[in-house]
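Worksheet: the structure to be examined is printed underneath.
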Amino acid sequence: MRICIVGTGYVGLVAGTCLAEIGHRVVCVDDDRQKIEVLQGGRMPIYEPGLDELVARNLRENRLAFTADLKEGIDAATAVFICVGTPPLEDGDADLSAVEQVARRIGELSSSYKLVVEKSTVPVQTGKWIEKTLMVYGDSGRSEFDVASNPEFLREGSAVIDFLHPDRIVVGVEHPRAERLLREMYEPIIRRTFVCPVHSTCPATEPVPFLVTDIRSAELIKHASNAFLATKISFINSVADLCELVGADVELVAKGMGLDGRIGRAFLKAGLGFGGFCFPKDLQAFVKIAERCGHDFRLLREVDRINQARVPQAIRRLKEQLWILKEKVIGVWGLAFKPDTDDLRYSPAIALVKQLLAEGASVRAYDPKAMEKARGEIASAIFSRDPYEAVSGADALVVATEWREFEGLDLTRVKTLMRRPLILDGRNLFDREKMRSMGFEYLGIGR
Ligand code: UDX
């Protein structure tokens, strides 16, 4: 199938590349010409494991192309995916101006049938607006449109695997033709008939559930899923606070809870809270849409409030140990909002470093992938070449992102390098007993 992807951010680039990988002809469009040139040259504007190889191969084999010209992108396409950004406005609402603009341009430029698929995370009822926009700006004599919602559930760091081996594919449609096209497009993934570029033998053989709903329900599935996962995290973080007060261990509590199949282990990791460009903004946008529809989603406002209190609480705990932060040297391991990405957006680690700097502390930061991006965000931090340099002369170390490589470090060396062997393990990466037996003053979260 010929597919056009508009917007080459995380979602668009991964979706476009993976759709090419399973055999479609894909053109990715972005009005950022510089980014398009980078991509045309086979280079990556973001770090996402495995994506670079897939882009290079599909470019080489002519299934994937990049252009800044929307008309060129949509001309031959049957399906056009809208994957542009929906950043938060001041009041928490999603800014849909880019979605509207793309819909308008697709309307104006199309000269044949198009299935227009919204893949950006958008508030419920956006599909209706896209449909109206296409009708108003499209020429019904030349073109015809179907609109569909096809939310993505990709996690940064494992986006390629998530796309090719999803738990489910959700499509919201109003017309059988749209359902048929989307089913055909995803057929290799549903039936797992493509040659998997990640696994030599694919882990599962059952077909992937393909859920067909109306457009509004599909839109809600996306927001409700993210909001539910965020709720799990804030829930366990609140339990962690209680654990600290009563002397229990949240890791054990989460394990005990998670063994109940109805609850599950996933997303019960206590820590400095959730970040990234999805959870915080989607949560706020969901609360806003609900509010606009006359529903006060108090539960989610509380989930957000609990999350926002995580970093200030970590700072308080440091102060309880260090008394004054001014002129203290604090090593920080991890800056990305989670491991395996260089994304710093809404990263709790960055919020923590900013607060430490504002208190007058000297921050020695290290992250395996996000150093370059961090320079613009926390310019007055000292950027260390490796994790050891970051703890050299430090009065405390904060583990802010749980990169696997931190687990294998020489902790005896870390202890010798530090002025005071105090660790605030904001992601419960290390074994508490082991750390204490090595002579560290170890503070975990909820333990
Ligand atoms: C999320 C959703 O998982 C994905 O389905 C959606 O499409 C986009 O948003 P992502 O933002 O990449 O993906 O990250 P995710 O792995 O979900 O983690 C989000 C945040 O929650 C991170 O900051 C992570 O550190 C935090 N987290 C996650 C916890 O604090 N505890 C957990 O148990 C899980």
Side-chain angles (χ1 to χ4, degrees), residues 1-86 98-99 102-103 105-106 109 114-122 148-166 169-171 181-182 184-190 194-198 277 343:
M1 194 178 295
R2 286 180 176 259
I3 298 168
C4 172
I5 304 275
V6 188
T8 57
Y10 273 100
V11 175
L13 191 54
V14 172
T17 307
C18 290
L19 286 169
E21 179 67 22
I22 62 167
H24 300 298
R25 293 280 294 273
V26 181
V27 181
C28 294
V29 183
D30 203 298
D31 53 13
D32 181 341
R33 282 174 192 280
Q34 220 178 337
K35 199 176 189 188
I36 289 297
E37 276 166 28
V38 166
L39 286 163
Q40 282 169 336
R43 282 166 293 133
M44 285 293 108
I46 50 164
Y47 169 73
E48 182 62 39
L51 188 61
D52 46 356
E53 283 162 45
L54 254 61
V55 170
R57 179 145 43 86
N58 284 286
L59 268 174
R60 222 172 30 241
E61 293 172 8
N62 287 324
R63 282 188 302 269
L64 183 64
F66 296 98
T67 176
D69 182 350
L70 182 61
K71 180 149 175 49
E72 186 189 321
I74 65 173
D75 255 351
T78 308
V80 184
F81 281 80
I82 303 182
C83 300
V84 294
T86 50
V99 173
V102 170
R105 298 278 294 144
I106 294 171
L109 297 172
K114 305 285 170 220
L115 167 64
V116 179
V117 189
E118 52 168 24
K119 209 162 184 54
S120 303
T121 302
V122 290
S149 163
N150 173 217
E152 56 80 21
F153 305 102
L154 310 176
R155 287 163 302 174
E156 287 182 23
S158 56
V160 171
I161 292 178
D162 289 349
F163 193 94
L164 294 172
H165 299 287
I169 294 170
V170 175
V171 299
L181 281 170
L182 283 163
E184 195 182 313
M185 184 189 300
Y186 281 113
E187 189 64 13
I189 292 180
I190 298 169
F194 65 98
V195 179
C196 179
V198 190
F277 203 52
D343 197 342

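A quick note: this is a predicted structure, and the numbers were derived from the prediction, not measured. Positions are given from 1 along the sequence.
Considering only heavy atoms from C-beta on, T17 stays 4.5 Å or farther from V160 through its side chain. L13 is listed as a side-chain neighbour of P45, based on a closest heavy-atom distance under 4.5 Å. Using a 4.5 Å cut-off on side-chain heavy atoms (C-beta onward), V26 and N58 make no contact. Side-chain contact between T121 and E152: present, with at least one pair of heavy atoms (C-beta onward) separated by less than 4.5 Å. Contact check for F66 versus L59: side-chain heavy atoms found under the 4.5 Å cut-off. Residues M44 and L39 are in side-chain contact: their nearest non-hydrogen atoms beyond the backbone lie under 4.5 Å apart. Using a 4.5 Å heavy-atom threshold, the side chains of F194 and L164 count as touching. With a 4.5 Å cut-off on side-chain heavy atoms, I46 and L51 count as touching.
M1 and M185 make their closest contact through SD-CE, 3.6 Å (heavy atoms, listed as atom of the first residue, atom of the second, distance). Scanning both residues, C18 and L54, for their nearest heavy atoms gives SG-CD2, 4.4 Å. Taking both residues in full, the closest heavy atoms of V29 and C4 are given as CG2-SG, 3.7 Å, listed atom of the first, atom of the second, then distance. Summarising the geometry of C83 relative to G12, their closest heavy-atom pair is CB-CA, 3.7 Å, with the distance given to 0.1 Å. A pairwise comparison of heavy atoms in C28 and I36 identifies O-CD1, 4.2 Å as the closest pair. When all heavy atoms are compared, the tightest approach of V122 to V99 is CG1-CG2, 4.3 Å.
With sequence neighbours excluded, the residues that form a salt bridge (charged side-chain N to carboxylate O under 4.0 Å, His left out) with R57 are E21. For Q40, the side chain to side chain donor-acceptor pair (under 3.5 Å) criterion is met by no residue, not counting sequence neighbours. Every residue two or more places apart in sequence or in another chain was checked for a salt bridge (charged side-chain N to carboxylate O under 4.0 Å, His left out) with D31, and none qualifies. Listed by chain and number, the residues in a side chain to side chain donor-acceptor pair (under 3.5 Å) with N150 are K119, Y186 (sequence neighbours excluded). Listed by chain and number, the residues in a salt bridge (charged side-chain N to carboxylate O under 4.0 Å, His left out) with R33 amount to none (sequence neighbours excluded). Shown here are the side chain to side chain donor-acceptor pair (under 3.5 Å) partners of S120, two or more places apart in sequence or in another chain: there are none. The side chain to side chain contact (heavy atoms under 4.5 Å, CB included) check on F153 picks up P151, R168, V170, I221, K222, S225, with sequence neighbours excluded. Scored by the salt bridge (charged side-chain N to carboxylate O under 4.0 Å, His left out) test, E53 finds no partners at all (sequence neighbours excluded). Taking the side chain to side chain contact (heavy atoms under 4.5 Å, CB included) definition, one finds that D32 meets it with D30, Q34, K35, sequence neighbours left out. With sequence neighbours excluded, the residues forming a side chain to side chain donor-acceptor pair (under 3.5 Å) with T67 are E72, listed by chain and number.
Under the 3.5 Å distance criterion, the side-chain polar atoms of E48 are matched with a main-chain donor or acceptor of S158.
Note that CG of D343 and OH of Y47 are 13.0 Å apart. Values are rounded to the nearest 0.5 Å. Between atom CG of residue L19 and atom CD1 of residue I3 there is a gap of 4.5 Å, rounded to the nearest 0.5 Å. Taken to the nearest 0.5 Å, the OG1 atom of T78 stands 7.0 Å off from the NZ atom of K114. A distance of 4.5 Å separates CD1 of I106 from CD1 of I82, quoted to the nearest 0.5 Å.
Screening residues 62-71 for salt bridge (Lys or Arg N to Asp or Glu O under 4.0 Å) gives E61-R63, K71-D75 as the qualifying pairs, with residues at least two apart or on separate chains. Listed by first and then second residue, the salt bridge (Lys or Arg N to Asp or Glu O under 4.0 Å) pairs that reach into residues 2-17 come to none, sequence neighbours excluded.
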